[in-house]
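Just below is one structure, and these are the notes that go with it.
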Amino acid sequence: MQEYFRQKKIEESNQGPFFGFLGKNEIANGRWAMFGFAVGMLTEYATGSNFVDQVKIMLSNFGIIDLD
């Protein structure tokens, strides 16, 4: 039984491209997007500043732009 699934996994890995608009990649991309949105919302709740202000603060702290 283990050998069957090991062989099936090898066969699946040899099929098709790794990158591109595949179902598995789209699911992973959607999950990362939902995670990023959730982190953004929690950060907004914790800091009291919206996303645009958070980006401005981050860029100012890294010394990329000056917000004086």
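These numbers come from a predicted model, not from an experiment. Heads up: numbering here begins at 1 and tracks the sequence.
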- Message: Taking Ile65 as the starting point, is it possible to reach Val55 by hopping between hydrophobic residues whose side chains are less than 4.5 Å apart?
- Response: yes
- Query: Partners of Arg6 by salt bridge (charged side-chain N to carboxylate O under 4.0 Å, His left out), sequence neighbours excluded?
  - Reply: Glu3
- Linking directly or through intermediates, with side-chain heavy atoms under 4.5 Å: list the remaining ILVMFWY members grouped with Tyr4, chain and number order. Met1, Phe5
Expected list for residues 35-48: side-chain donor-acceptor pairs under 3.5 angstrom, two or more places apart:
residue: Thr43; atom: OG1; partner: Val39; partner atom: O; Å: 2.7
residue: Thr47; atom: OG1; partner: Thr43; partner atom: O; Å: 2.8
residue: Thr47; atom: OG1; partner: Ser49; partner atom: N; Å: 3.3
residue: Thr47; atom: OG1; partner: Ser49; partner atom: OG; Å: 3.2

- Task: Tell me whether Phe51 is reachable from Met58 by hopping between hydrophobic residues (I, L, V, M, F, W, Y) whose side-chain heavy atoms are closer than 4.5 Å.
- Result: yes
- Search all heavy atoms of Asp53 against all heavy atoms of Asn50 and return the closest pair with its distance. N-OD1, 2.9 Å
- Query: Residues two or more places apart in sequence or in another chain: which of them pass side-chain contact (heavy atoms from CB on, under 4.5 Å) with Ile64?
  - Reply: Leu59, Phe62
